[in-house]
There are 2 protein chains.
Amino acid sequence: MIGLLVNQTEVLESSKIIRGHKSVDGRGLTYEGRRIPKPVIKRLSMYARALQKFSFTGVEKISSRELGDALGLNSAQVRKDLAYFGQFGVPGLGYYVEELRGRIKSILGTDRVVRLAVVGVGNLGQALISNSTQYAREGFCIVAAFDADKRKIGGERNGVPIYHIGDLNHRIKDMAIDIVAVAVPSGAGQAVADRAVESGVTAILNFVPERLIVPSHVHVQYVDLAIEIESLSYYLK
Amino acid sequence: MIGLLVNQTEVLESSKIIRGHKSVDGRGLTYEGRRIPKPVIKRLSMYARALQKFSFTGVEKISSRELGDALGLNSAQVRKDLAYFGQFGVPGLGYYVEELRGRIKSILGTDRVVRLAVVGVGNLGQALISNSTQYAREGFCIVAAFDADKRKIGGERNGVPIYHIGDLNHRIKDMAIDIVAVAVPSGAGQAVADRAVESGVTAILNFVPERLIVPSHVHVQYVDLAIEIESLSYYLK
DNA sequence: TAGATTGTTAATCGATTAACAATC
DNA sequence: TAGATTGTTAATCGATTAACAATC
């Protein structure tokens, strides 16, 4: 049996090989067997963007303190967040900006292009589509939009083709859509989510003020502008 | 001295009088001297909306379990959240839907109309403005929009007048703006925030992917769509 | 009264921050 | 080597959930 021949070095090697492996178990999504808190993922994306800016202005290396300061975060938090995924820094020196950014992008999965569909070409849908240039820089691309209004079908906005919502299922498969952004009128969100899930989508960005019922392997991120505004009201003097 | 004459009943009375008093101390914003976690405020707003729906469908009373289920929350959490602000339920019965909703609205400050300005009438700004009908139902009103583009000035969208951004300061004061939503292009956010703060605004909803520097008494809520999308990418298979 | 559900305390869980040996 | 900063463990802080006496 091969197992008997494995020496210390080989064990280390094989542990390197599984590096970067995401899997789902009873504790939710894990990375190399460790459960990653959701806030960590959000911050990872913030780090990537900040690093992009630093890189753009010619900064080549950066400490956890500098990166944290740029985002209003504690330096220990920066180091701890990164430590979930490996060792990326050099003691005494800090992190190499471009290298770290690349590593984070690869962890997030945005080192390749992530393909999005926007469902609902109302004002919010259009706002998303009009942001595509910014999004493209960060690694995701809106490749299709869907609407129920026949007058909008067939055209395009910002280079994004608009299809009829009836085509959602087959287009999701054909176009290899990764993420569906739901920006339809209130009440129509669940139906869209159902079709997306049917077609194999596992990540949904939901702007409709409704809770979506989805299987446990599907991740839904809620963005609820009315809730954001109302919460702010509490903090008024 | 009056204090010497205060009896037990009067002490109870006076503690009722301070009920609902918000103040700021070293620990941040407090309600009747207790520090309220931010997630609680978000959920309060969610409760209010759910209760509105229940009320609309004729439901008159509701248990913490039923309210929690509607939002995917634990019933203990519902009760604990409410307990920060007082005793609103009836043991054995639950909560009266309309009464609870009124109490929550009053805690949030959305029992009166909260006045919003949208700065930046791009696609996102327009999306916000086009939602005003929904927002109006929940207690806030977009009363003005601002843009730098002279061609947009003077007109209106959805009944909301569009002013030049140079008028921001005096309009905020004249129109008693409570909250400023910043939806300008990347790079212009801080300047808008500065003027808003100058004019006395204490709550900002920021859609620009930049950290805003504001005095500590000003609350900034960040909505960053690119970060939301990129975080979702991590959860793709 | 019996049953149900609150309000609240205690227990658990999770996330942030501090501290420091290891390392460049 | 001296100085700086990482990676990681332990301490703290905060938020959620369980449990249950009090109450309708």
Side-chain angles (χ1 to χ4, degrees), chain A residues 15 19 26-44 46-47 51 54 59-97 99-100 103-104 107 231, chain B residues 15 19 26-44 46-47 51 54 59-97 99-100 103-104 107 231:
Chain A
S15 89
R19 167 139 304 167
R27 297 165 304 161
L29 191 64
T30 58
Y31 193 93
E32 289 179 50
R34 265 169 300 186
R35 210 201 116 269
I36 313 294
K38 277 197 183 179
V40 171
I41 302 299
K42 280 265 162 72
R43 286 192 296 265
L44 237 42
M46 294 166 64
Y47 299 151
L51 289 166
F54 279 112
V59 178
E60 293 192 343
K61 54 190 180 52
I62 195 169
S63 68
S64 58
R65 171 164 304 279
E66 291 168 307
L67 184 52
D69 285 352
L71 295 164
L73 304 171
N74 187 296
S75 71
Q77 183 156 70
V78 173
R79 295 196 299 280
K80 186 132 218 295
D81 286 349
L82 298 175
Y84 280 104
F85 303 95
Q87 305 187 161
F88 308 129
V90 185
L93 251 93
Y95 304 85
Y96 289 101
V97 171
E99 196 217 313
L100 182 57
R103 301 282 212 121
I104 292 175
I107 292 161
S231 311
Chain B
S15 88
R19 168 139 302 169
R27 299 165 302 161
L29 191 63
T30 58
Y31 193 93
E32 288 179 52
R34 266 169 299 187
R35 209 200 118 269
I36 313 294
K38 276 196 182 179
V40 171
I41 303 300
K42 280 262 163 74
R43 287 193 295 266
L44 237 42
M46 295 166 64
Y47 299 152
L51 289 165
F54 279 112
V59 179
E60 292 192 344
K61 55 191 180 50
I62 195 169
S63 68
S64 58
R65 171 164 303 277
E66 291 169 306
L67 183 52
D69 285 351
L71 294 164
L73 303 171
N74 187 296
S75 71
Q77 184 157 68
V78 174
R79 294 195 299 279
K80 186 133 218 295
D81 286 348
L82 298 174
Y84 281 105
F85 303 95
Q87 306 187 159
F88 307 128
V90 186
L93 250 94
Y95 304 86
Y96 289 101
V97 172
E99 196 216 314
L100 182 57
R103 300 281 212 123
I104 292 176
I107 292 162
S231 312

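Basis for what follows: all heavy atoms, side chains included, without hydrogens, waters or symmetry-related copies. Residue numbers start from 1 in every chain, and the chains themselves are labelled A, B, ... in the order their sequence lines are given, proteins ahead of strands.
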Carefully, step by step, assess Leu73(A) and Tyr47(A) under the rule side chain to side chain contact (heavy atoms under 4.5 Å, CB included).
CA-CA 10 Å; Leu73(A) 304 171; Tyr47(A) 299 151; 3.7 Å; yes
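Looking only at side-chain heavy atoms (C-beta outward), Tyr96(B) and Arg103(B) stay at 4.5 Å or farther from each other.
The side chain to side chain contact (heavy atoms under 4.5 Å, CB included) check on Pro39(A) picks up Pro37(A), Arg43(A), with sequence neighbours excluded. Among residues two or more places apart in sequence or in another chain, the side chain to side chain contact (heavy atoms under 4.5 Å, CB included) test is passed with Ser63(B) by Arg65(B), Glu66(B).
Nucleotide dA21(D) forms a Watson-Crick or G-U wobble pair with dT6(C), both donor-acceptor distances falling under 3.5 Å. Of the nucleotides present, dG14(D) is the one that pairs with dC13(C) by Watson-Crick or G-U wobble criteria, both distances under 3.5 Å.
In terms of heavy atoms, Phe88(B) sits closest to Phe85(B) at CZ-O, 3.5 Å.
Here the CE-CG distance, from Met46(A) to Asp81(A), works out to 10.0 Å after rounding to the nearest 0.5 Å.
Closest to the side chain of Pro91(B), from the set dA22(C), dT5(C), dA15(C), is dT5(C). Distance from the side chain of Asn74(B) is smallest to dT17(D) among dT17(D), dA15(D), dC24(D).
With rounding to whole Å, Arg43(B) atom CZ is found 12 Å from dT17(D) atom C1'. Atom CZ in Phe85(B) sits roughly 18 Å away from atom P in dT6(C) (whole-Å rounding). Taking atom CD1 of Ile36(B) as the reference point, atom C1' of dG14(D) lies 14 Å away to the nearest angstrom. We find that CG of Leu93(B) is positioned 8 Å from P of dT5(C), with the value rounded to whole Å. Distance CZ (Arg34(A)) to C1' (dT9(D)): 14 Å, rounded to an integer number of Å. Here the C1' atom of nucleotide dA4(C) and the CD1 atom of Ile62(B) are 15 Å apart, to the nearest Å. One interatomic measurement links the two molecules: NZ of Lys38(A) to C1' of dC13(C), which rounds to 16 Å at whole-angstrom precision. Taking atom CD of residue Glu99(A) and atom P of nucleotide dT6(D), one finds them 13 Å apart after rounding to whole Å.
Contact annotation: Tyr96(A) does not reach the phosphate of dT6(D) (side-chain N/O to OP1 or OP2, under 4.0 Å). At dT5(D), none of the side-chain N or O atoms of Ser64(A) fall inside 4.0 Å of OP1 or OP2 (strictly under the cut-off). Side-chain nitrogen and oxygen atoms of Tyr95(A) include none within less than 4.0 Å of the OP1 or OP2 phosphate oxygen of dA4(D). Phosphate proximity of dT23(C) to Gln87(A): absent, as no side-chain N or O sits under 4.0 Å from OP1 or OP2.
Applying a 4.0 Å cut-off to non-hydrogen atoms, the residues of residues 76-84 of chain A that approach DNA chain D are Arg79(A), Lys80(A), listed by residue number.
Taking the six-membered ring wherever Trp is involved, the centroid distance between the rings of Tyr31(B) and Tyr84(B) does not fall below 6.0 Å.
Each of Gly94(B) and Val40(A) has a nearest nucleotide on DNA chain C; the 5'-most of these lies closest to Gly94(B).
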